[in-house]
> 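Handing you a structure now.
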Amino acid sequence: MAYWLVKSEPFKYSWTQFRKDKKTFWDGVRNYQARNNLRDMEKGDEVFFYHSNEGLEIVGIAAVAKTHYPDPTTPDPRWVAVDLKPVKTLPKPVTLEQMKADKRLEHLALLRQPRLSVSPVTEKEWQVILGLAGLG
DNA sequence: GCCAACGTTGGC
DNA sequence: GCCAACGTTGGC
């Protein structure tokens with residue numbers, strides 16, 4: 001069981017929309033590191049859903065519903081997609097500011113590589129963020 | 001295989 | 001809307 005974090009611009013695809021859809025394809029990733037992370041996802045892995053540009057906060061938790069398959073949005077075989085389903089909305093969203101301010105999260109991949117759209121989260125970091133979200 | 005140019009992302 | 005950071009592309 002591993003933990004991840006995905007980013008989405010709320011204008012493009014928001015958490016609210018995701019909850020309504022009950023499920024989504026996580027596609028359109030065009031970065032090798034992010035792609036490798038997608039490929040490493042196992043069914044049941046949990047994933048923080050982060051709003052970039054607008055909000056700048058983790059708003060919910062999703063889970064991997066289906067492991068990687070070829071990205072249907074491109075004929076290029078290099079890229080993959082996964083299916084995600086929403087698990088729960090955070091009682092208190094965790095902002096980027098909060099995470100930056102927390103010494104325990106200084107190695108968080110999101111903070112070190114802000115441009116990576118799919119990044120790993122360690123179990124320790126996961127627990128810290130759950131705590132900040134009011135789920136500790 | 002290197003490196004400059006360019007495009008994209010995302011925080012501010 | 002700007003700009004810095006970084007990944008990718010393409011010429012040599």
Side-chain angles (χ1 to χ4, degrees):
Chain A
M1 169 91 164
Y3 300 100
W4 310 93
L5 182 146
V6 297
K7 290 191 298 190
S8 180
E9 304 189 21
F11 282 132
K12 209 164 125 200
Y13 194 78
S14 69
W15 175 253
T16 311
Q17 186 61 43
F18 183 31
R19 295 219 60 147
K20 240 182 265 169
D21 292 348
K22 302 280 200 320
K23 173 181 169 172
T24 194
F25 313 100
W26 210 260
D27 57 21
V29 169
R30 298 291 182 269
N31 168 290
Y32 290 110
Q33 242 179 301
R35 190 274 316 266
N36 292 342
N37 290 333
L38 283 184
R39 275 202 316 212
D40 287 342
M41 286 185 185
E42 301 280 348
K43 191 171 175 176
D45 280 0
E46 295 197 308
V47 183
F48 282 132
F49 193 104
Y50 174 80
H51 276 171
S52 64
N53 276 322
E54 179 109 344
L56 305 182
E57 58 193 12
I58 295 173
V59 287
I61 298 172
V64 178
K66 187 171 183 227
T67 53
H68 70 93
Y69 51 90
D71 188 336
T73 62
T74 174
D76 192 328
R78 291 177 300 172
W79 307 115
V80 302
V82 299
D83 287 358
L84 297 181
K85 58 171 197 258
V87 173
K88 78 169 54 161
T89 304
L90 299 187
K92 290 186 291 181
V94 179
T95 65
L96 183 63
E97 211 174 330
Q98 274 179 285
M99 292 188 276
K100 275 187 181 167
D102 199 309
K103 197 84 177 42
R104 295 167 299 172
L105 297 175
E106 64 180 344
H107 298 299
L108 188 67
L110 172 72
L111 300 179
R112 312 191 81 180
Q113 275 180 276
R115 297 187 51 205
L116 193 59
S117 57
V118 182
S119 58
V121 177
T122 67
E123 184 168 1
K124 233 182 238 174
E125 290 161 348
W126 183 269
Q127 296 301 335
V128 169
I129 294 169
L130 283 187
L132 295 174
L135 291 171

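So that the names make sense, note that chain A is the first sequence line, chain B the second, and so on, each numbered from 1. As the structure is a prediction and not an experimental result, all values here were calculated from the model.
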> Let me check the geometry of the helix from B/dG1-C/dC12 to B/dC12-C/dG1. What is the bend angle between the axes at its two ends, five pairs each, to 10°?
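Axis angle across the helix from B/dG1-C/dC12 to B/dC12-C/dG1, nearest 10°: 10°.
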> Just wondering, more than 12 heavy atoms not from A/Y13 lying within 6.0 Å of its OH?
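Buried by this count: over 12 neighbours within 6.0 Å.
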> Let me spell it out: for each of A/R78 and A/R115, pick the nucleotide of DNA chain C with the closest heavy atom. Which residue's pick is nearer the 5' end?
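The residue mapped nearer the 5' terminus is A/R115.
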> Assign A/N53 to base, sugar-phosphate, or nothing according to its heavy-atom contacts below 4.0 angstrom with the strands shown.
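Contact class for A/N53: base.
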> Among A/S117, A/S119, A/P120, which residue satisfies the side-chain contact (heavy atoms from CB on, under 4.5 Å) criterion with A/L5?
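Running side-chain contact (heavy atoms from CB on, under 4.5 Å) over A/S117, A/S119, A/P120 with A/L5 returns exactly one hit, A/S119.
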> Mark yes or no for whether A/E125, through its side chain, and A/T122, through its backbone, hold a donor-acceptor pair below 3.5 Å.
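Pair found, side chain donor or acceptor close to backbone of A/T122.
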> Quick check for you: name the first and last nucleotides of DNA chain B, 5' to 3', having an atom under 4.0 Å from a heavy atom of chain A.
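Nucleotide range with atoms under 4.0 Å of chain A: B/dG7 to B/dC12.
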> Residues two or more places apart in sequence or in another chain: which of them pass ring pair (Phe, Tyr, Trp, His ring centres under 6.0 Å) with A/F18?
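With neighbours one apart ignored, the set is A/W15, A/F49.
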> Output yes when A/K103 and A/E106 qualify as a salt bridge under the 4.0 Å nitrogen-oxygen rule, no when they do not.
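Salt bridge between A/K103 and A/E106, a charged N being under 4.0 Å from a carboxylate O: yes.
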> Would you say A/V64 and A/W126 are hydrophobically clustered, going by side-chain heavy atoms of ILVMFWY under 4.5 Å?
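No, no single cluster joins them.
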> Let me check something: any side-chain donor-acceptor pairs from residues 68-79 of chain A under 3.5 Å, sequence neighbours excluded? List them with distances.
from: A/Y69; atom 1: OH; to: A/D83; atom 2: OD1; distance (Å): 2.4
from: A/D71; atom 1: OD1; to: A/T73; atom 2: N; distance (Å): 2.8
from: A/D71; atom 1: OD1; to: A/T73; atom 2: OG1; distance (Å): 2.6
from: A/D71; atom 1: OD2; to: A/G28; atom 2: N; distance (Å): 3.0
from: A/D71; atom 1: OD2; to: A/R30; atom 2: NH1; distance (Å): 3.0
from: A/D71; atom 1: OD2; to: A/T73; atom 2: OG1; distance (Å): 3.3
from: A/T73; atom 1: OG1; to: A/R30; atom 2: NH2; distance (Å): 3.3
from: A/T74; atom 1: OG1; to: A/D76; atom 2: N; distance (Å): 3.0
from: A/D76; atom 1: OD1; to: A/R78; atom 2: N; distance (Å): 3.0
from: A/D76; atom 1: OD1; to: A/R78; atom 2: NE; distance (Å): 3.1
from: A/D76; atom 1: OD2; to: A/R78; atom 2: NE; distance (Å): 3.1
from: A/D76; atom 1: OD2; to: A/R78; atom 2: NH2; distance (Å): 2.8
from: A/R78; atom 1: NH1; to: A/Y32; atom 2: OH; distance (Å): 2.5

> Tell me, which of residues 96-107 of chain A have any heavy atom that sits under 4.0 Å from an atom in DNA chain B?
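Listed by number, they are A/L96, A/K100.
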> Which atom pair, heavy atoms only, marks the closest approach of A/K7 to A/W26?
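The answer is O-CZ2, 3.4 Å.
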> Could you list all the salt bridge (Lys or Arg N to Asp or Glu O under 4.0 Å) pairs where at least one residue sits in residues 43-67 of chain A, not counting sequence neighbours?
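Every candidate salt bridge (Lys or Arg N to Asp or Glu O under 4.0 Å) pair involving residues 43-67 of chain A fails, so no pair, neighbours aside, qualifies.
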> Is a donor on one side and an acceptor on the other found under 3.5 Å between the side chain of A/N31 and the backbone of A/A34?
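Checking the backbone N and O of A/A34 against the side chain of A/N31, a donor-acceptor pair under 3.5 Å is found.
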